[in-house]
S.K.: 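Before anything else, here's the structure in question.
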Amino acid sequence: MVFSNNDEGLINKKLPKELLLRIFSFLDIVTLCRCAQISKAWNILALDGSNWQRIDLFNFQTDVEGRVVENISKRCGGFLRKLSLRGCIGVGDSSLKTFAQNCRNIEHLNLNGCTKITDSTCYSLSRFCSKLKHLDLTSCVSITNSSLKGISEGCRHLEYLNLSWCDQITKDGIEALVRGCRGLRALLLRGCTQLEDEALKHIQNYCHELVSLNLQSCSRITDEGVVQICRGCHRLQALCLSGCGNLTDASLTALALNCPRLQLFVSTFTSIVSLSPHRIARRILEAARCSHLTDAGFTLLARNCHDLEKMDLEECILITDSTLIQLSIHCPKLQALSLSHCELITDDGILHLSNSPCGHERLRVLELDNCLLITDVALEHLENCRGLERLELYDCQQVTRAGIKRMRAQLPHVKVHAYFAPVTPPTAVGGSGQRLCRCCVIL
């Protein structure tokens, strides 16, 4: 027989241990644990540290206790290169200190949502894990500037750092970090609400290799900070400014003149939060809810950043068809565009987009929810977009079921998401009247 509780099973006789070990190296964590229960010989092979170089407990079990992490670290030792403890809220500083001592070759560590950890964990990583390149501390709310000082001293090879929602971080912590980690290529700071323009000045001075920067909801950031980033980080390809409500066209001008590699991309699509620096092959900017941006800024951006592939202009309420005309002319690679709540967009803008090279060849996703001036005529224009895969039409009150049906007859593969809300009064001219909420309830 092939499988047996006896270590003398046929498979153990026919295949050398080295080959079995190689086969086990392709198995996931669940399968390895099952194999470990077959026999003593397989237990040794399955639990060999060389099979446990990459571990993601999020897809296995998140309610692990600290001792599990300690046992893993003792089992894997120097073999472990990548560990994800995302969502493991029971893991604390003591266990991660043991981990850091045992797994000194770790390069990729995800502690997203490990809310028990404090600066002590970062001290341990700084002391023992000098090879660390990728560190995710999202929602580790007890992390302070002291952690960043420690990381800068001991983890100088760091390329990716996610500090999203670590709201105790200030400009002093950013300064300490970038002085030591000058090779950073991706820095994610969304929800770090204490950061101001001076923090961006420090990034500009030291992080010249930076490719991705996320400043979502850093509401104190102004045009001055964005200008500084643009002047010092010319390699920038991904920039998220969603929710930075103080920004004006001056920021778009700085981006247009200094960051030609940029791709405009905003939060409705896959967020850059999840992208490692090695996966960012395109140019990205997130600018949703930046309500002071106008056609003038986007015109300059389109004319200088021809590689734009994804744009989310949600709630950029001042833009008109003029922006779409410029994108149609200058951005032939555009694949995804969100115009949600851009209430000044009309069928004419969609006409230019549909007749452009990007419309004919590249456009895959278009979001028009709450564009109140869009009608069935726009859907007729979109029939030219043969590659369109998804169209959002929520609360487009002048679009009809019949119009959608006619379009889908020409584009049967497209997924259309629409909700036909009760009719409500149009907004006042110039956008000064009360805007319509998604639930379409008038109080």
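This structure is a prediction, so every number in the text was calculated from the model and none was measured.
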S.K.: Please tell me if the side chains of Tyr123 and Lys97 come closer than 4.5 Å, counting only heavy atoms from C-beta onward.
M.R.: no

S.K.: Okay, side chain of Ser251, backbone of Leu247: is any donor-acceptor separation there less than 3.5 Å?
M.R.: no

S.K.: Nearest 0.5 Å, please: how far is CG in Leu195 from OG in Ser217?
M.R.: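 Spacing of OG (Ser217) from CG (Leu195) equals 12.0 Å.
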
S.K.: Do Ile319 and Thr294 come within less than 4.5 Å of each other through their side chains, counting heavy atoms only?
M.R.: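 They are not in side-chain contact.
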
S.K.: Side chains of Thr222 and Asp197: does their closest heavy-atom pair fall under 4.5 Å?
M.R.: yes

S.K.: Between Arg289 and Glu314, is there a side-chain N and carboxylate O pair less than 4.0 Å apart?
M.R.: no

S.K.: Which residues pass the side chain to side chain donor-acceptor pair (under 3.5 Å) test with Glu107, not counting sequence neighbours?
M.R.: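 Counting only residues at least two positions away or on another chain, Glu107 forms no side chain to side chain donor-acceptor pair (under 3.5 Å).
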
S.K.: Kindly assign one of parallel, tilted or perpendicular to the pair His134 and Tyr160, based on the angle between their ring planes and the thresholds 30° and 60°.
M.R.: parallel

S.K.: Would a distance-only check, ignoring hydrogens and angles, find a side-chain to backbone donor-acceptor pair under 3.5 Å from Thr121 to Ile117?
M.R.: no

S.K.: For Phe99 and Leu109, run side chain to side chain contact (heavy atoms under 4.5 Å, CB included): C-alpha distance rounded to whole Å, both residues' side-chain angles, the deciding distance at 0.1 Å, then the answer.
M.R.: CA-CA 11 Å; Phe99 161 81; Leu109 181 60; 4.1 Å; yes

S.K.: Is a side-chain donor or acceptor of Asn258 paired with a backbone partner of His234 at a separation under 3.5 angstrom?
M.R.: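 Looks like no, no N/O pair under 3.5 Å.
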
S.K.: Is the backbone N or O of Ile350 less than 3.5 Å from a side-chain atom of Ser354, with the two atoms forming a donor-acceptor pair by type?
M.R.: yes

S.K.: Before accepting this row, confirm whether a basic side-chain N of the pair Lys201/Glu224 lies closer than 4.0 Å to the acidic partner's carboxylate O.
M.R.: no

S.K.: Do Leu308 and Lys333 come close enough that some side-chain heavy atom pair is under 4.5 Å?
M.R.: no

S.K.: Apply side chain to side chain contact (heavy atoms under 4.5 Å, CB included) to the pair Leu85 and Asn110, showing each step before the final yes or no.
M.R.: CA-CA 6 Å; Leu85 299 175; Asn110 189 340; over 6 Å; no

S.K.: Is there a donor-acceptor pair under 3.5 Å between the side chain of Asn304 and the backbone N or O of Leu257?
M.R.: no

S.K.: Please determine whether the number of non-hydrogen atoms from other residues, nucleotides or ligands lying under 6.0 Å from atom CZ of Arg81 exceeds 12.
M.R.: yes

S.K.: Answer whether the closest heavy-atom distance between the side chains of Ile151 and Ser126 falls below 4.5 Å.
M.R.: no

S.K.: What do you reckon, is CZ of Arg54 surrounded by more than 12 foreign heavy atoms closer than 6.0 Å?
M.R.: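 Count not over threshold, so no.
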
S.K.: Side chains of Asn105 and Leu80, heavy atoms from C-beta outward: is any pair under 4.5 Å?
M.R.: no

S.K.: Any salt bridge linking Glu175 with Arg179? Criterion: basic side-chain nitrogen under 4.0 Å from a carboxylate oxygen.
M.R.: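 Yes.
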
S.K.: With Ser95 as reference, evaluate Glu70, Lys116, Arg67 under the side-chain hydrogen bond (donor to acceptor under 3.5 Å, both in side chains) test and give the passing residue.
M.R.: Glu70

S.K.: Suppose we screen for side chain to side chain donor-acceptor pair (under 3.5 Å). Which residues come up paired with Lys82, at least two apart in sequence or across chains?
M.R.: none

S.K.: Please determine whether a side-chain nitrogen of the Lys or Arg among Lys149 and Glu153 lies less than 4.0 Å from a carboxylate oxygen of the Asp or Glu.
M.R.: yes

S.K.: Would you mind reporting whether Leu177 and Leu187 have side-chain heavy atoms less than 4.5 Å apart?
M.R.: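 Yes. Closest side-chain heavy atoms under 4.5 Å.
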
S.K.: So Cys122 and Leu137, do their side chains get closer than 4.5 Å, heavy atoms only?
M.R.: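 Sidechains of Cys122 and Leu137: in contact.
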
S.K.: Keeping the roles fixed (side chain from Ser328, backbone from His352), state whether a donor-acceptor pair exists under 3.5 Å.
M.R.: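 Side chain of Ser328 to backbone of His352: a pair is present.
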
S.K.: About how many Å separate CD of Gln216 and CG of Leu239, when rounded to the nearest 0.5 Å?
M.R.: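 Here the rounded value is 11.5 Å.
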
S.K.: Any donor-acceptor pair under 3.5 Å linking the side chain of Asp119 with the backbone of Ile143?
M.R.: no

S.K.: Charged N to carboxylate O under 4.0 angstrom, Arg185 versus Glu159?
M.R.: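 Not counted as a salt bridge, because no side-chain N and carboxylate O are separated by less than 4.0 Å.
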
S.K.: Ser356: which residues meet the side chain to side chain donor-acceptor pair (under 3.5 Å) condition with it, sequence neighbours left out?
M.R.: none

S.K.: For the side chain of His330 and the backbone of Ala302, is there at least one donor-acceptor N/O pair under 3.5 Å apart?
M.R.: no

S.K.: Whether the side chain of Asp136 engages the backbone of Leu161 through a donor-acceptor N/O pair (distance < 3.5 Å, no angle test) should be reported.
M.R.: no

